[in-house]
Amino acid sequence: MKKFVFTLLLVSMLCLSVFAQVGSSKGGITPSGTLPIVTPPKGTLHSLLSRSGYVIGYDFKDAVVFSSNDRDKIARIVEADNGDIYLYNPISKWETGTWIKLSKEKGDTLVARFPQPLFMEDGETFYAFPLFYDGEKNTYTPKSLNENEYLAESKFTYKNGELKQIDDAMISLVMPDYTWMDSGDSHLLIAPVQTAQNKIPESAKDKIKEYIVSYDKGGESLVSAVVKGVIDGNKVYLGNPQAPGDQWFVGTKEGENVTFATNQYLDPDTVKTGYHIFFRTAAFTLQDITDDMGYQVFKYDYTEVPSITLRYQQDADMYAVSENFSFVITSGENMKGLNLPAFYEYKDVAATPKNPSFAEFQLYNEEYRYGIFNFNIPTLDINNKYLNPQKLFFCFYIDDDVEPHVFYKRDYKNMPTDSMSIFPNDYNDHYDMAPLDELTHQMYYYFEDFEKIGVQSIYRGGNEERKSDIVWITKEQVTHIDTASINSDKQIVSESFYDMTGRKVAHPSEGVFIKQVTYSDNTTGTYKVIVRK
């Protein structure tokens, strides 16, 4: 078994000035008049390759150099007719959209000679150049060859479609004044993906049905999704609930149980993440820890295992794990854990949805001219059976409403119609109302004169419509004039706001912010807040 989580190697750094004057000569880089290569060179293009190595950067907040393993990044190269290789986006953290050249040498060897221009901005050129680890200074610097010259090359081999760096150089981005621009890559390995992508056989496509996949996404938040699925002989194919489309988890039926093996290739994500997506299986342990900000958070520690088995439970007519196992979706070193997974064939039956709840409430603010509340819509019925989220809806009631409250486009400018009173579970207008995750939704309201607000879930399954109770929150239940945690007597002691880069701000202006709250019972909460003009 092996750990998924990559290790950060933190190394102290004296100051950025140690990187001054890097170049092929110690007098500095002399511009050659060449321009960055922005169009694919002539030759054979090899795309959708997999790139791994070390990503090296500088953390300005903590003033340290860090290194992390990187894997499964989508890469491409061009193999020229004369044997030269061109590498696209050589520095992974900078999407320059340009190429560097690796010149063919003897046998399988290639040499990348530097400096090579990567991009231009405001008339200045930025270069790729090799830096090397300095053990005495615990940092990266140019390597001296003599009094007047630095080493300005990096060596590779290219064999059987695999491009491999064979020295310790960090291919780094340097600024026009020859200082390091905080990013670089080393120990590069670029090769075809070794695992075939999961696909449903053509002969099985007429057997596709709908299945419910349920899981704990973290912090005991149970969610479910309807996915396409096929049982074809002893093979089971389930769609990825995190990414609707042609991504499939494949299991093998063994008697009444289904076993899923690790390291299954799902898809190259060229649009969103830039990584190859894999399905893996893991055991997990759950810890309740205090993070760097002093807040209590759940931490899942995943350990990859060769496979996990979902056992058939006859009383519930579903397959589920019996221990702390997870489906894990990886995108490079990023992971999404589908903990305690279960699945069963979806049947469209009538069901009464479980009551919703309020998670947080912010009263109307005179300065901002709006209020906010967060609410939870469980995808469970009153018997804790999972519902089809696509058939789940919600609505609101204000004070003495006997019918769901009507919201109008004049107040909610991104509303798709002139008015709405019933909202689908996945409703998102990207401005006034949006899901924060699979369970929690956030809504802005623009009315000040009310005594209570109610929320209700509606489920339309089995050709019936069934409703939950109306769950109310009143002003008297709001324990603080600005913000409250619902159904609690605890008071807010302090609030802090941070922008999306992690910088603390005194007074949030327009945009998205993270609010951290400390309560009178020493508990804390972290919330996303959108501030509008």
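Just so you know, these numbers come straight off a predicted model, no measurement behind them.
Aromatic rings from Phe373 and Phe358 are positioned such that their centres are separated by under 6.0 Å. Two rings, from Tyr54 and His187, have their centers less than 6.0 Å apart.
Looking at residues two or more places apart in sequence or on another chain, you find a side-chain hydrogen bond (donor to acceptor under 3.5 Å, both in side chains) between Lys207 and Asp232. Among residues two or more places apart in sequence or in another chain, the salt bridge (Lys or Arg N to Asp or Glu O under 4.0 Å) test is passed with Lys209 by Glu345. In terms of the side-chain contact (heavy atoms from CB on, under 4.5 Å) criterion, residue partners of Asp381 (sequence neighbours excluded) are, by chain and number, Ala351, Asn383, Lys385, Leu387.
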(message) Would Asp72 and Arg51 count as a salt bridge (Lys or Arg N to Asp or Glu O under 4.0 Å) here? Give the steps.
(response) CA-CA 6 Å; Asp72 302 333; Arg51 169 176 173 160; over 6 Å; no
(request) Could you go through the side chain to side chain donor-acceptor pair (under 3.5 Å) check for Lys73 and Ser92 one step at a time? (result) CA-CA 9 Å; Lys73 189 174 181 66; Ser92 59; 5.6 Å; no
(request) Go through Thr273 and Ser331 one step at a time and tell me if the side chain to side chain donor-acceptor pair (under 3.5 Å) criterion holds. (result) CA-CA 7 Å; Thr273 67; Ser331 172; 3.3 Å; yes
(request) Starting from the C-alpha separation in whole Å, work towards a yes-or-no answer on ring pair (Phe, Tyr, Trp, His ring centres under 6.0 Å) for Phe394 and His441. (result) CA-CA 11 Å; Phe394 56 84; His441 305 252; 5.2 Å; yes
(message) Between Glu448 and Tyr370, is the side chain to side chain donor-acceptor pair (under 3.5 Å) condition met? List the steps.
(response) CA-CA 8 Å; Glu448 183 179 8; Tyr370 62 76; over 6 Å; no
(request) With ring pair (Phe, Tyr, Trp, His ring centres under 6.0 Å) as the test, would you mind laying out the steps for Phe375 and Phe396 before giving the verdict? (result) CA-CA 11 Å; Phe375 56 99; Phe396 303 97; 5.3 Å; yes
(message) Could you walk me through whether Tyr364 and Phe450 satisfy the ring pair (Phe, Tyr, Trp, His ring centres under 6.0 Å) test, starting with their C-alpha distance in whole Å, then the side-chain angles of each, then the deciding distance to 0.1 Å, before giving a yes or no?
(response) CA-CA 10 Å; Tyr364 185 87; Phe450 73 94; 8.8 Å; no
(request) Show your working on side chain to side chain donor-acceptor pair (under 3.5 Å) between Asn234 and Thr252 and close with a plain yes or no. (result) CA-CA 6 Å; Asn234 71 332; Thr252 301; 5.4 Å; no
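Within the 4.5 Å cutoff, no side-chain heavy atoms of Val328 are placed close to those of Phe279. Leu310 places a side-chain heavy atom less than 4.5 Å from the side chain of Phe327. Leu340 has its side chain within reach of Phe284: a pair of non-hydrogen atoms, C-beta onward, lies under 4.5 Å apart. Under the 4.5 Å side-chain criterion, counting only non-hydrogen atoms from C-beta, Met433 is not in contact with Gln442. Contact of the Leu338 side chain with the Pro241 side chain is registered, since non-hydrogen atoms from C-beta on lie closer than 4.5 Å. Residues Pro404 and Ile422 form a side-chain contact, since some pair of their non-hydrogen atoms from C-beta on lies under 4.5 Å apart.
A donor-acceptor contact under 3.5 angstrom links the side chains of Thr440 and Asn376, judged on distance only. Side chain to side chain, Thr417 and Lys409 fail the donor-acceptor criterion of an N or O pair below 3.5 Å. With hydrogens and angles left out, the side-chain atoms of Asp267 and Tyr275 include no donor and acceptor closer than 3.5 Å. Side-chain contact check for Thr259 and Thr309: at least one donor-acceptor pair (N or O, by modelled atom type) lies under 3.5 Å. Thr262 and Glu304 share a side-chain donor-acceptor pair at under 3.5 Å. Judged by distance alone, the side chains of Asp432 and Tyr446 do bring a donor and an acceptor atom under 3.5 Å apart. Neither side chain, Tyr300 nor Asn324, offers a donor N or O lying under 3.5 Å from an acceptor on the other. Between the side chains of Tyr397 and Gln456, at least one donor N or O lies within less than 3.5 Å of an accepting N or O. Gln362 and Tyr445 form no side-chain donor-acceptor contact under 3.5 Å, judged by distance and modelled atom types alone.
Judged purely by atom type and a 3.5 angstrom limit, Tyr412 uses its side chain to pair as donor or acceptor with the backbone of Tyr444. In this structure, the side chain of Tyr459 engages the main chain of Asn388 through a donor-acceptor pair within 3.5 Å. Judged by distance alone, with hydrogens and angles left aside, the side-chain atoms of His405 form no donor-acceptor pair with the main-chain N or O of Ile453 at under 3.5 Å. Put simply, the side chain of Asn414 gets close to the backbone of Asp429: a donor and an acceptor are under 3.5 Å apart. For Asp469 (side chain) and Val471 (main-chain N/O), no donor-acceptor pair under 3.5 Å exists by modelled atom type. The backbone N or O of Ile91 sits nowhere less than 3.5 Å from a side-chain atom of Asn89 that would complete a donor-acceptor pair. Judged by distance alone, the side chain of Asp399 and the main-chain N or O of Glu451 form a donor-acceptor pair under 3.5 Å. At least one donor-acceptor pair under 3.5 Å links the side chain of Gln197 to the backbone N or O of Leu266. Looking only at distances, a side-chain donor or acceptor of Asp348 sits under 3.5 Å from a matching main-chain atom of Gly462.
Geometrically, Arg76 engages Tyr88 in a cation-pi contact, judged by NZ or CZ lying under 6.0 Å from the ring centre and within 45° of the ring axis. Note that Arg460 lies in the cation-pi zone of Phe393, set by a 6.0 Å cut-off to the ring centre and a 45° limit from the axis.
Few gaps surround CD on Glu254; more than 12 heavy atoms of other groups in view lie less than 6.0 Å from it. The 12-atom threshold is exceeded at CG of Asp206, counting heavy atoms of other residues, nucleotides or ligands nearer than 6.0 Å.
Among Lys336, Arg71, Arg280, the single residue meeting the side chain to side chain donor-acceptor pair (under 3.5 Å) criterion with Thr330 is Arg280. Partner Ser468 forms a side chain to side chain contact (heavy atoms under 4.5 Å, CB included) with one of Val455, Asn355, Ile377, Ile458 and no other, that one being Asn355.
A salt bridge does not link Lys93 to Asp182: none of the charged side-chain nitrogens sits closer than 4.0 Å to a carboxylate oxygen. Lys199 and Asp246 are joined by a salt bridge, as a carboxylate oxygen and a charged side-chain nitrogen come within less than 4.0 angstrom of each other. The pair Lys347-Asp317 meets the salt-bridge criterion, since a charged nitrogen lies less than 4.0 angstrom from a carboxylate oxygen.
Between the NZ atom of Lys228 and the CD1 atom of Ile208 there is a distance of 7.5 Å, given to the nearest 0.5 Å.
Relative orientation of the Phe343 and Phe260 rings is perpendicular, given thresholds of 30° and 60° on the angle between their planes.
For the pair Pro353 and Arg466, the tightest heavy-atom approach, listed with the atom from each and the gap, is CD-O, 3.5 Å.
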